[in-house]
Amino acid sequence: MVTAMKESKGDKLFLISTYIYLCLALVVVLYPLIYILSASISSPQDVNSGAMWLFPKNVTLDGYKLVFENPKIWNGYLNTIIYTAAGTLLNLAVTLPAAYALSRSDFVGRQLFMGLILFTMFFSGGLVPTYLLVKNLGLINSMGALILPVAASVWNIVVARTFFQSTIPKELQEAAHIDGCTNLKLFIRIILPLSAPIIAVMALFYGVGHWNSYFPSLIYLNDEAKYPLQMVLRQILVLQEMSAETTGAAINGEVAMAMNNKAETASLVKYGVIVVSTLPIVAVYPFLQRYFVQGVMIGSVKG
Amino acid sequence: MKGNKSLGKRIWQNWELYLFMLPALLYFLVFHYGPMYGIQIAFKNFVPSKGITGSEWVGFDHFERFFNSYFFWDLLWNTFSISFYELAIGFPLPIILALAFNEVRNGPFKKSVQTVTYAPHFISVVVMAGMIITFLSPSSGMIVRVIEFLGFQPAQFLTDPAWFKTVYVFSGVWQSTGWGTIIYLAALSGVDPQLHEAAIVDGASRIKRVLHINLPTIIPTITIMLILNMGNILGLGFEKILLLQNSLNMEASDVISTYVYRAGLVNAQYSFSTAVGLFNSVVNVILLVTVNRIAKRTSENSLW
């Protein structure tokens, strides 16, 4: 009764403007995404002239045909999958045991280790000394250069540690020790099976990082055959290297002839690769959103 | 003596935990503390064949050369102005959006707005740069079309130096505002509902409750985020800048980190660019410590 009475005119107005604001945010964020999706299956003439502005026009799948018939993109995709899988496994193998050890209050020296790790968040050697180190380790032009220098992140260790501290009851560990269970057994048989959510969060955070990374490949790889997808995308989208090789036009004579306008082919391929490269993540993300959000929230508890 | 014994015992009891720690420890020592050892080449004339320790000391020569170079003030200005521009626009928006989310009933509408606004966070920086370049293309770009449709004259966004910073900041707003709300929403979930009930009884309007109950509750989170942002002020989105940089917008887009990349890795001036990078890191640390101290004095919220 009280609340109903107090829903004054001002409150209603405020609530309505909040909804309008959120709708505006929705449109501003959503429109470019829909535009890309529509542009990737519309005829390039309609896209470039502005005739296509929301829904696809003169639907064509030629763009995707070109993308899928392009060996460079396939090769990049394959490399990215390998780097992401190997990199994420390494990340988990380094992060989880360390985070667990650091979560144990009976672990002598954990303050020291924590300090050592946290310090690197605020001060680093910088680009050139890191590059020289990787070079001296003989990692140039190898997968090691892409995954070893990012084998763990401070932030993720802190998030995982907070998870272990707040969800694993101390009694469990004490009981296991009384039963003569070693720390290794305890970790593998009891802790890990209880930690599915944090393993998922870590795998997702690290995995997305590897999938989207381009800068390490730019400085450490010099063999194009080893380029991950993001480097191929950089050539197509940013450097606009629209050579026949990059766009795949030479591979498919039929399609290329049908659209002998090179610029049109180029724009079609662009929207196509954006969709193809981003879709795996954006498509699974709504289902995993809960985990991502959880990860950020766990981290914010003790940031 | 007795204390020592029990310490040794305590360590021995959990010897496996040190094994658990080992990979991470090795990683941080090699890949983070290793490069810190390499910083000494900023004070040397590094010659690859002589190695880091074998190269000759030159003191602060590289720093002097950097401070006296004609591009020093330009780099510093670009770095600071882009950072503060980004902070001024990009920092308050997630807070406002989170407060708005918090006002709306839980339901499909709220959930879909959240899902959509979080999504751009997962777009890679290369695709983001590609989208910016495509959308701002003077001949066929989507954004250029929208501006023409609204009856304005579109600018040469990608090649006019005057527009570079705006393009950088607003594309960042598009990409990260939604995701940035999560941490504030977590803080907002801690608001005591009794405060709202009491305020409603007292006749406080919705907007007043947002400003006097919700906002003060998340002030500690806001302070911490501000400190972290200030500490990272010179470490701005270097990867995106590098991708959007071209010879025409260079005078507005060249920042310290892109300069370090070009001088160090493209032109192989190892010592000089390490000195420039070290200058950057030191300024960062000083800013972080200063802001943290100010925050501690004025609000009792601080990182340490």
Side-chain angles (χ1 to χ4, degrees), chain A residues 3 6 10-11 14 18 21-22 25-26 29-30 35 48 50 94 97-98 100-101 104 106-108 113 116-117 120 122-133 149 151-152 182-184 208 212 214-215 219 230 233-234 237-238 270 274 277-278 281-282 285-286 289 293 296-297 300 303, chain B residues 7 10-11 14 16-17 20-21 23-25 27-28 31-32 34-36 38-39 97 100 103-104 113 115-120 122-124 126-127 129-130 133-134 140 142 145 174 178 182-183 186 200-201 203 205-207 224 231 239 243 260-261 264-265 270 273-274 277-278 281 285 288:
Chain A
T3 41
K6 297 296 173 190
D11 279 3
F14 178 65
T18 308
Y21 172 67
L22 290 180
L26 181 71
V29 176
L30 195 56
Y35 183 91
N48 289 340
V94 175
Y100 175 65
R104 288 269 298 262
D106 57 342
F107 178 42
V108 177
F113 291 132
L116 254 152
I117 291 175
T120 63
F122 303 110
F123 191 76
S124 76
L127 180 65
V128 176
T130 308
Y131 172 81
L132 291 175
L133 176 80
T182 61
N183 278 319
L184 186 66
V208 170
N212 284 342
Y214 90 94
F215 190 67
I219 59 177
Q230 298 298 330
L233 291 177
R234 176 174 169 267
L237 294 171
V238 179
K270 268 191 211 170
I274 290 181
S277 66
T278 313
I281 291 180
V282 174
Y285 142 74
Q289 187 182 352
V293 172
V296 176
M297 290 202 176
S300 70
Chain B
L7 181 72
R10 261 159 56 211
I11 291 174
N14 286 321
E16 284 162 307
L17 294 182
F20 285 8
M21 198 61 226
L25 198 62
Y27 162 70
F28 281 100
F31 288 101
H32 290 267
M36 285 184 212
I39 285 179
L97 190 60
E103 286 309 295
V104 172
V113 180
T115 304
V116 168
T117 51
Y118 293 175
F122 298 100
I123 294 175
S124 78
V126 173
V127 168
I133 292 167
T134 311
S140 59
M142 179 270 276
R145 282 275 138 66
W174 181 81
I182 295 175
I183 201 153
I200 290 168
V201 171
S205 66
R206 233 170 211 283
I207 190 158
I224 297 290
E239 296 194 342
L243 290 168
V260 170
Y261 165 71
L265 299 189
Y270 294 128
S273 57
T274 303
L278 178 58
S281 305
V285 170
L288 181 74

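Throughout, a chain's letter reflects where its sequence line sits, starting with A, and its residues are numbered from 1.
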Q | Plane angle bin for B:Phe20 and A:Tyr100 - parallel if under 30°, tilted between 30 and 60°, otherwise perpendicular | A | tilted
Q: Kindly give the heavy-atom pair with the smallest separation between B:Ile39 and A:Ser124, and that separation in Å.
A: CD1-O, 4.0 Å
**Q.** A:Phe122 versus chain B, the contacting section by heavy-atom distance below 4.5 Å
**A.** both
Q. How close do A:Leu237 and B:Val127 get, heavy atom to heavy atom, and via which atoms?
A. CD1-CA, 4.1 Å
Q: Among B:Val260, B:Ile11, B:Ile207, B:Ile182, single out the residue with the greatest number of heavy-atom pairs under 4.5 Å to chain A.
A: B:Ile207
Q. So, do B:Phe28 and A:Leu116 sit near enough that their side-chain heavy atoms are less than 4.5 Å apart?
A. no
Q. Taking atom types as modelled, is there a side-chain donor on B:Glu103 or A:Thr18 under 3.5 Å from an acceptor on the other?
A. no
**Q.** Contact winner vs chain A - B:Val285, B:Leu265, B:Leu288, B:Thr117, heavy-atom pairs under 4.5 Å
**A.** B:Leu265
Q: Please flag which part of A:Leu133 lies under 4.5 Å from any non-hydrogen atom of chain B: side chain, backbone, both or neither.
A: side chain
Q) Who among A:Thr278, A:Ile274, A:Leu184, A:Ile281 has the most heavy-atom pairs with chain B under 4.5 Å? A) A:Leu184
Q.
Are B:Tyr261 and A:Phe215, when compared by the centres of their aromatic rings, separated by less than 6.0 Å?
A. yes
Q: Would you name the heavy atoms of A:Asp106 and B:Asn14 that are closest together and state the gap between them?
A: O-ND2, 3.0 Å
Q: Indicate the atoms forming the closest heavy-atom contact of A:Pro149 with B:Tyr27, along with that distance.
A: O-OH, 2.8 Å
Q: Examine whether an atom of B:Leu97 lies under 4.5 Å from a heavy atom of chain A, and if so say whether it belongs to the side chain, the backbone or both; otherwise answer neither.
A: both
Q.
In the structure I gave you, are the side-chain heavy atoms of B:Trp174 and A:Val29 within less than 4.5 Å of one another anywhere?
A. yes
Q. Does any heavy atom of chain B fall under 4.5 Å from the side chain of A:Leu22, the backbone, both, or neither of them?
A. both
(Q) Return the CZ to CE distance between A:Phe123 and B:Met36, rounded to the nearest 0.5 Å. (A) 6.5 Å
Q: Rounded to the nearest 0.5 Å, what's the gap from CD on A:Gln230 to CG on B:Leu243? Could you check?
A: 10.0 Å
Q) Minimum heavy-atom separation for A:Val128 to B:Ser273, with atom names? A) CG2-OG, 3.2 Å
Q. A:Val94 and B:Ala24: which non-hydrogen atoms are nearest, and at how many Å?
A. CG1-CA, 3.6 Å
Q.
To the closest 0.5 Å, what do you measure between NE2 (B:His32) and OG1 (A:Thr120)?
A. 5.0 Å
Q.
For the interface with chain A, which of B:Ala129, B:Gly130, B:Ser124, B:Pro120 has the highest count of heavy-atom pairs at distances below 4.5 Å?
A. B:Ser124
Q | Pairwise distance CG(A:Leu30) to OG1(B:Thr115) - rounded to 0.5 angstrom | A | 11.0 Å
Q: Any chance you could measure B:Met142, atom CE, to A:Asn48, atom CG, to the nearest 0.5 Å?
A: 13.5 Å
Q. Considering only heavy atoms, which portion of B:Leu25 lies under 4.5 Å from any heavy atom of chain A: side chain, backbone, both, or neither?
A. side chain
Q. Roughly how far, to the nearest 0.5 Å, is OG of A:Ser277 from CD1 of B:Ile123?
A. 9.0 Å
Q. If you count heavy-atom pairs under 4.5 Å between each of A:Val282, A:Val208, A:Thr130 and chain B, which one has the most?
A. A:Thr130
